[in-house]
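Step one of this worksheet: look at the structure below.
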Amino acid sequence: MASIRLEHLTKRFGNVVAVDDLNLEIADGEFVALLGPSGCGKTTTLLMIAGIYEPTEGKIYFDDVCVNDVAPKDRYVGLVFQSYALYPHMSVFDNIAFPLRLNKTPRAEIERRVREVAKLAQIENLLDRRPAQLSGGQQQRVALCRALVKEPEVLLLDEPLSNLDARLRIETRAEIKRLQKELGITTILVTHDQIEALSMADRVAVMHQGVLQQYTTPEELYNRPANLFVASFIGDPPMNLFEVRYRRGGELELPGGRALRLPEPLARRLEARRLEEGATLTLGLRPEDVELSETETPEGFPAEVYLAETLGGDLLVHFRLGDGGDGPRLRALTDPERRVTMGQRLWLVPDPNKLHLFGPDGRSLLAEAEEEAPVPHPQRA
Amino acid sequence: MRAAVEQRARAYRAPLNTPRTRLLRRFPTHWLFLLPMLLLVVVFFFVPVILNLILAFTDMTLSLRWEFVGLKNYVKFLQDPLIPQIAKNTLVYVSATLSINVIFGLFLALLTTYFVKRENVGLAFRSLWLLPRMTPPVVYALLWIWMTDPTEYGLLNMMLQAFGLPPLSWRTEYPMATIILVNGMVGASFGMIIFSAAIKSIPVDYIRAAKVDGASDLGVVRWVILPLLKWPLMFVTTWQTLSLLASYEYILLVTQGGPNHRSEVWSLYAYYKAFASGQYGYGAAIAMVLVAVAVIIALLMLRIFGFRRLMELMR
């Protein structure tokens, strides 16, 4: 097992900066997810850690040893590809045994370890088959076995679940998480699926256009997004974001002119930042943090129902803010028992303790002024 | 609205039942598309083979008279004292050139697609190797005649002199080696192109996985690339065997099969008998035996390599 440290890691392909000055620390035995939209540099980072790509700049440390010049085969990493990359000309057994054969493990030992890991993944009965004869889920397990059989220091998973159907994905997600905890292998998961990242990882590194946006626990990521990108990327349905004006004395002016009174601690925190009167800020409100009221309340804002979607456990209601229903769009999650009709007038009551506020530069204003971390750098855990 | 919809739908409606469409429907369109290729195969392949077959039963000479003589030409073939040497030459020439074509072609493909990481360098190198294939055979043969010139002005002899060695008469002393090299150098580019394309179509994840799993570059070649090249290897081997059995033009141009039949192969011998000494009937018989041998080898290879499974694999 190993801890991993990335220092100022940069990868350029010609003029394209795929990964830009990435700093990241992963503790021994930790499960970290690299999360971001496609093209954000997460797979490039993974392949640099595996040794397939050479970094343009920066260093990679395994247990405080720089591995920049270490060949992939000497890094002791297990890698599971999105495509699984099972060799079509070998049986399942030979696929799993491949890394052991290459490092000249004795025959009996190979037999024992392959069977052991196959048992762990419940594919003992498939060992004689060819990859082409397996289902996607089975192939995925074989790929995982091949990565685990050599007892790697680091397990790298590149979108391992994205080729599975929805149901299987949920099962496999849980299995991989359990397996990782049992074996205690330092694991890095690359994914564009936030549910995968949030549900499996101990910490999540959100990347965007090669730059690290935030690196913290799933709860923290969800409750205190560091900037507008993370706020809009994490959460499904996504967070409502709209522009508001700052007023001295702890008030925000919403579109349409109504004012939202901020809770005392938040008001004081904003006061400390010496924002200008009338500064344009972005208010973030998660759909689940909005209450619906049939009657006018002092904390509520009028809005008109635009559309209602049943999501099974929840009802997702789209609103247009404002008295005449001409303001910005907004989504709220509510009880599916509630009857909502299109064009109906309701009052939205945001939970004052779950407001998110972002400054003109896109950074969160909720952190204390002195603890504000420069956004592209990781928060040390 | 309705009129507009109907008008648009008209184009997609089933063809009308008019005399013209009925005629069109009965017309065997598929034969029309097959015709050019069929004509080509029939005129340039089946007709010559059948003509050759008939010719082999005649005693046709320069006078071009059809005189049927039964199996006389085949009896003559069996008694021909040169045939054992010609057969041996052919075996040596085909197997040695085949090895160069396949192994060296594979080596070039691996070098230019896997080991040389810069795409344009590999491409430039491959294009260079294709030059002889684009050159007219006569020009290519001429280059080799210069290279193997027996005087001290031959390119190979200049190289020998650089090491202080006396000039060699390459074409008379090593005729077989010369024709094998001449054909191998131009023939390797065929395998190179096929193998390069096959290597490039191997998903890069296979190679990455093998590297992470502990394979060196040679290990990747041995365990991943070569097994995945199984079918291209078989195809190139079969194809080259057949084309080498029938090839003689470079030999004719460079050594003329000499000295003293030492580099004369089967197809060249048939050519000489037919066109140099005018024994069309006998030449046809020699060629006919070669066709039979080629068909047997082709069937054997298809059988051994399991080409039927190759076709099934193409899913």
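Proteins come first, then strands; the chains are lettered A, B, ... in the order of their sequence lines, and each starts at number 1.
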Let's test your reading of the structure: which of B:Gly219, B:Ala210, B:Pro203 forms the most heavy-atom pairs below 4.5 Å with chain A?
B:Ala210
Rounding to 0.5 Å, atoms CG (B:Asp213) and CD1 (A:Ile96) come to a distance of 11.5 Å
Is it true that atom CD of B:Glu119 has more than 12 heavy atoms of other residues, nucleotides or ligands lying nearer than 6.0 Å?
no
Plane angle bin for B:Trp223 and A:Phe98 - parallel if under 30°, tilted between 30 and 60°, otherwise perpendicular:
perpendicular
Is the count of non-hydrogen atoms from other residues, nucleotides or ligands lying under 6.0 Å from B:Met37 atom CE greater than 12?
no
Any chance OH of B:Tyr250 has more than 12 other-residue heavy atoms, nucleotides or ligands included, within less than 6.0 Å?
yes
Identify which one of A:Asp158, A:Leu47, A:Leu79 satisfies the side-chain contact (heavy atoms from CB on, under 4.5 Å) criterion when paired with B:Arg208.
A:Leu47
Of A:Arg146, A:Lys150, A:Lys73, which is the lone residue that meets side-chain contact (heavy atoms from CB on, under 4.5 Å) with B:Val212?
A:Lys150
Looking at A:Tyr61, I'd like to know if its OH atom is crowded, meaning that more than 12 non-hydrogen atoms belonging to other residues, nucleotides or ligands lie closer than 6.0 Å.
yes
Looking at B:Val204, B:Leu228, B:Ile207, which has the largest count of heavy-atom pairs under 4.5 Å with chain A?
B:Leu228
Do other residues, nucleotides or ligands put more than 12 heavy atoms under 6.0 Å from the OH atom of B:Tyr174?
no
Minimum heavy-atom distance between A:Ser83 and B:Asp205, given as atom pair plus value
OG-OD2, 2.6 Å
